[in-house]
Amino acid sequence: MFQRIHAVAALLLVTTPAVAQVPAELIDKIAAIGRVSDPAKTAPLYAPMHAKEPYAGVKVTRDVKYGPHERNTLDLFVPEGAGAGRPIFMFVHGGAMVRGSKRQPDSPFYDNIMLWANRNGMVGVNIEYRLAPASPWPAGQEDIAMAVRWAADNAAANGDANRIYLMGHSAGATHVATYVGHPEFHAPKALAGAMFSSASSYDLTKVESESEGRNAYYGPDRSLYAQRSALPGLIKSTIPFMANAAELDPPQMVDQLELLKSAMCASTRGCIRTLLQPKHNHMSQSYAINTSDTLLSDQILAFIKTGK
């Protein structure tokens with residue numbers, strides 16, 4: 001009986017059942033964008049749903065330095081009146097490893113993720129990092145380590161250095177997964193958990209399509225791709241993590257999620273929490289955070305609460 005219960009529990013962690021919560025009026029518009037990454041077309045669908053600055057009840061400190069490079073900056077979001085001991089939720093933006101930022105002027109993204117973290121009792125830390133080709137491998141992992149160290153060192157006033165959670169989206173998810181899977185880059189303070197949202201790759205050797213960002217960051221020498229991939233280290237890692245992708249993601253990202261899911265279920269560690277979000281595309285899943293569409297954010301909260 002115990003074995004049967006254990007098997008069922010493991011199966012439930014393979015893929016969380018998903019119910020579409022995309023607003024009905026957006027379903028066809030998102031589908032029409034196609035299985036591509038198109039922030040310019042997706043952002044206007046969600047921007048009206050989000051608050052504009054100044055944000056009530058939140059203290060925002062912009063462009064705090066966490067390292068020596070001009071892009072080593074972060075935005076800190078702390079709920080007003082917050083006491084000590086709150087979890088710290090860190091976010092790493094995407095951009096194919098060669099572009100992107102934590103926030104564009106007059107944009108609600110990715111402040112929306114920070115505000116969601118605040119609403120749920122956490123301190124928010126939104127980081128910017130060095131980009132390829134000027135800063136190739138392993139600059140992303142080095143920058144994440146510096147940012148995590150900064151969060152731990154500066155947590156005393158409001159946050160709990162023992163409860164640091166790190167989420168990345170797209171290229172940011174690949175950076176976070178690679179950081180988790182390569183302990184040689186880890187900051188002294190261990191993560192409490194990590195979330196990979198539509199990572200472009202977990203196993204570089206299984207990505208067939210050419211990519212400007214991948215070549216710029218990891219280099220043209222494919223003989224190095226196996227050792228620079230996240231997957232081998234993720235299988236061995238003791239850090240809790242979850243992963244998701246969107247139904248309308250570029251196919252490679254869904255394939256990589258399936259690859260990670262299968263590899264983890266076959267490992268001694270066992271299955272992890274995964275989610276394939278119906279009706280969403282690559283960008284809408286992140287833009288929807290802190291709206292009434294709580295499919296992904298509910299799963300993140302459940303992961304933080306349970307550690308799995």
J.: Is a side-chain donor-acceptor pair under 3.5 Å present for Asn72 with Asp143?
T.: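 Distance-only check passes for Asp143 and Asn72.
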
J.: Could you tabulate the donor-acceptor pairs under 3.5 Å formed by side-chain atoms of residues 25-37, not counting sequence neighbours?
T.:
from, atom 1, to, atom 2, distance (Å)
Arg35, NE, Asp249, O, 2.7
Arg35, NH2, Asp249, O, 3.1

J.: Is a donor on one side and an acceptor on the other found under 3.5 Å between the side chain of Asp255 and the backbone of Val207?
T.: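 A pair under 3.5 Å: no.
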
J.: Is a side-chain donor or acceptor of Ser262 paired with a backbone partner of Glu258 at a separation under 3.5 angstrom?
T.: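 Answer holds: yes.
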
J.: Is there a side-chain contact between Trp116 and Phe89 (heavy atoms, below 4.5 Å)?
T.: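 Side chain of Trp116 against side chain of Phe89, heavy atoms only: contact under 4.5 Å found.
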
J.: Is any side-chain heavy atom of Ser292 closer than 4.5 Å to one of Gln21?
T.: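 They are not in side-chain contact.
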
J.: Strictly distance-based, threshold 3.5 Å: is any side-chain N or O of Ser107 a donor or acceptor partner for the main-chain N or O of Arg103?
T.: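 Judged by distance alone, no pair lies under 3.5 Å.
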
J.: Is a side-chain N or O of Gln256 found less than 3.5 angstrom from the main chain of Ser201, in a donor-acceptor match?
T.: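 No: the side chain of Gln256 does not pair with the backbone of Ser201.
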
J.: Is there a side-chain contact between Met146 and Pro68 (heavy atoms, below 4.5 Å)?
T.: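 Answer yes - side chains close enough.
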
J.: Which heavy atom in Ala171 sits nearest to a heavy atom in Ser200, and how many Å separate them?
T.: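 In this case the closest contact between Ala171 and Ser200 is CA-OG, 4.4 Å.
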
J.: So, do Ile235 and Met264 sit near enough that their side-chain heavy atoms are less than 4.5 Å apart?
T.: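 Counting from C-beta outward, Ile235 and Met264 do come under 4.5 Å.
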
J.: Measuring from atom CG of Asn158 to atom NZ of Lys59, what distance do you get when rounded to the nearest 0.5 angstrom?
T.: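 Reported value, rounded in 0.5 Å steps: 8.0 Å.
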
J.: To check you understand the geometry: which heavy-atom pair defines the closest contact between Ile300 and Met242, and what is its length?
T.: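 Smallest heavy-atom distance, with atoms named: CA-SD, 4.0 Å.
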
J.: Rounded to the nearest 0.5 Å, how far apart are CD1 of Ile144 and NE2 of His186?
T.: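 One gets 9.5 Å once the value is rounded to the nearest 0.5 Å.
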
J.: With no hydrogens and no angle check, is any side-chain donor or acceptor of Glu142 less than 3.5 Å from a backbone partner on Phe185?
T.: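 Such a contact is absent between Glu142 side chain and Phe185 backbone.
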
J.: Suppose we screen for side-chain hydrogen bond (donor to acceptor under 3.5 Å, both in side chains). Which residues come up paired with Arg214, at least two apart in sequence or across chains?
T.: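 Expected list: none.
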
J.: Using ring pair (Phe, Tyr, Trp, His ring centres under 6.0 Å) as the criterion, list what pairs up with Tyr129, not counting sequence neighbours.
T.: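 Only His93, His175 meet the ring pair (Phe, Tyr, Trp, His ring centres under 6.0 Å) criterion with Tyr129.
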
J.: Closer than 3.5 angstrom, by distance alone: can the side chain of Glu247 be matched with the main-chain N or O of Lys279 as a donor-acceptor pair?
T.: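 Yes; at least one donor-acceptor contact below 3.5 Å.
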
J.: Taking side-chain hydrogen bond (donor to acceptor under 3.5 Å, both in side chains) as the test, write out the residues that go with Asp63, two or more places apart.
T.: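 Residues passing side-chain hydrogen bond (donor to acceptor under 3.5 Å, both in side chains) with Asp63: Lys102.
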
J.: Between Ser229 and Leu204 (side chain of the first, backbone of the second, donor and acceptor by atom type, cut-off under 3.5 Å), is there such a pair?
T.: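 The answer is yes, because a donor-acceptor pair under 3.5 Å joins these two groups.
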
J.: Please list all pairs meeting ring pair (Phe, Tyr, Trp, His ring centres under 6.0 Å) that have one or both residues in residues 239-260, counting only residues at least two apart or in different chains.
T.: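 Of all non-adjacent pairs touching residues 239-260, those that pass ring pair (Phe, Tyr, Trp, His ring centres under 6.0 Å) are Phe196-Phe241.
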
J.: Testing the 3.5 Å rule here: is there a donor-acceptor pair between the side chains of Asp221 and Ser223?
T.: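 Ser223 and Asp221 do have a side-chain donor-acceptor pair below 3.5 Å.
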
J.: How many angstroms lie between atom CD of Gln285 and atom CG of Leu276, to the nearest 0.5 angstrom?
T.: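 If we round to the nearest 0.5 Å, Gln285:CD and Leu276:CG are 9.5 Å apart.
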
J.: If I compare all heavy atoms of Gly94 with all of Ser170, which pair ends up nearest, and what's the gap?
T.: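 What the structure gives for the nearest pair is CA-CB, 4.2 Å.
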
J.: How long is the straight-line distance from OH of Tyr218 back to CH2 of Trp137, given to the nearest 0.5 Å?
T.: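 These two atoms lie 6.5 Å from each other.
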
J.: Under 4.5 Å between any side-chain heavy atoms of Met114 and Val60, yes or no?
T.: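 No, every pair of side-chain atoms sits at 4.5 Å or beyond.
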
J.: Report the distance from atom CG of Leu301 to atom OG1 of Thr294, rounding to the nearest 0.5 Å.
T.: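 So the gap between those two atoms works out to 9.0 Å.
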
J.: Heavy-atom count around Lys65 NZ within 6.0 Å, excluding the residue itself: above 12?
T.: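 More than 12 within 6.0 Å, yes.
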
J.: Drop me the distance from Trp150's CH2 to Ile127's CD1, to the nearest 0.5 angstrom.
T.: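 If we round to the nearest 0.5 Å, Trp150:CH2 and Ile127:CD1 are 11.5 Å apart.
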
J.: Between the main-chain N or O of Lys308 and the side-chain N or O of Arg273, is there a donor-acceptor pair closer than 3.5 Å?
T.: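 It does hold such a pair.
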
J.: Under a 3.5 Å threshold, yes or no: a donor from one side chain and an acceptor from the other, between Thr178 and His182?
T.: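 Looking only at side-chain atoms, His182 and Thr178 do not form any donor-acceptor pair under 3.5 Å.
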
J.: Counting only N and O atoms by type, is there a donor-acceptor contact under 3.5 Å from the side chain of Asn118 to the main-chain atoms of Phe77?
T.: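 Here the side-chain-to-backbone pair exists.
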
J.: If you look only at pairs with a residue in residues 32-69, which of them pass as a ring pair (Phe, Tyr, Trp, His ring centres under 6.0 Å), with sequence neighbours excluded?
T.: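 Qualifying pairs, neighbours excluded: His50-Phe109.
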
J.: State, to 0.1 Å, how close Gly193 and Ile239 come at their nearest heavy-atom pair, and which atoms those are.
T.: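 Distance-wise, the nearest heavy atoms are CA-CG2, 4.3 Å.
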
